[in-house]
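Note: hydrogens, waters and symmetry copies are ignored here, and every other heavy atom, side chains too, is used. On a predicted model such as this, the values are computed, not experimentally measured, just so you know. Both ligands and their constituent atoms are indexed starting at 1 by order of listing.
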Amino acid sequence: MRTPVVAANWKMNKDLSEAKSLVSALLADYKKANTEVYIAPPFVFLNEAQQHIKDSGIQLAAQNMNAAASGAHTGEISSSMLKSVGASTVILGHSERRDIYGETDAQINEKVKTALAADMQVIFCFGEQLEERKASTHFEVVKSQLASGLAGVDAEAYASIILAYEPVWAIGTGETASPEQAQEMHAFIREYLRTEVSAKVADQTRILYGGSVKPANAADLFSRPDIDGGLIGGASLQADDFLAIVNAAS
Ligand code: 13P
């Protein structure tokens, strides 16, 4: 039995007072249950957020990380910095990092290896573009992103990896993949793990869906056999919406 996961990716939203209000609102109504819950605020709020959530059962994640350990990388953040403020989970490979900032599979793979070597947990994101879905190459694209982004990761290390399938055409668009489309891809990903890694890894790895998950569609998505929770953008910025999604996974 896989423990469900719901993670909030705040992206580049909120100022400090808004971030504090959102955390307070989450803590006021959050009831610890079976689901693992993460919030990923922007870097500058991680330390403050951790002070508030540390005994709540909600865990802290970062939205990105540099592959280098330290040094002359102006504007960048390392794994040890993240861990020192209580973020031992990091989102890597998000489509916005790939599309807007040009991160390649090879660069993402470096980051994944750095995070794993630092004993961090990785939420590894991937997913096809609209044109790729229309051209029916989405399975091929996802397979290639998994093969390159997770190259060199051994079977044991998958215990520290959560996968997040986020079809780019469904992110922030209000257009969700149907539960059938999502389940079809999640089953494909699990089969990929079974053939390329191991049956145990296939059975144990949590595979999240991301892309316009809302309270209204969460329960249907999460009821599918291979969908183990969600990575939530827009709806994670409102405490009641996010908590409704968390409850839908429990
Ligand atoms: P939305 O939920 O806003 O579509 O964003 C999904 C996402 O990109 C989470 O990482």
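- Protein residues with a heavy atom closer than 4.0 Å to ligand 1 are Asn9, Lys11, His94, Glu166, Ala170, Ile171, Gly172, Gly211, Ser212, Leu231, Gly233, Gly234, listed by chain and number.
- Scored by the salt bridge (charged side-chain N to carboxylate O under 4.0 Å, His left out) test, Glu110 finds no partners at all (sequence neighbours excluded).
- One N or O on the side chain of Asn13 and one on the backbone of Trp10 form a donor-acceptor pair closer than 3.5 Å.
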- Worked check of ring-ring contact (aromatic ring centres under 6.0 Å, His included) between Phe126 and Phe124: CA-CA 7 Å; Phe126 54 94; Phe124 177 79; 5.8 Å; yes

Identify all side-chain donor-acceptor contacts of residues 148-161 below 3.5 Å with residues at least two apart in sequence or on another chain.
from: Ser148; atom 1: OG; to: Ser144; atom 2: O; distance (Å): 2.7
from: Asp154; atom 1: OD1; to: Ala157; atom 2: N; distance (Å): 3.2

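- Asp105 and Arg98 are joined by a salt bridge, as a carboxylate oxygen and a charged side-chain nitrogen come within less than 4.0 angstrom of each other.
- Partners of Glu132 by salt bridge (charged side-chain N to carboxylate O under 4.0 Å, His left out), not counting sequence neighbours: none found.
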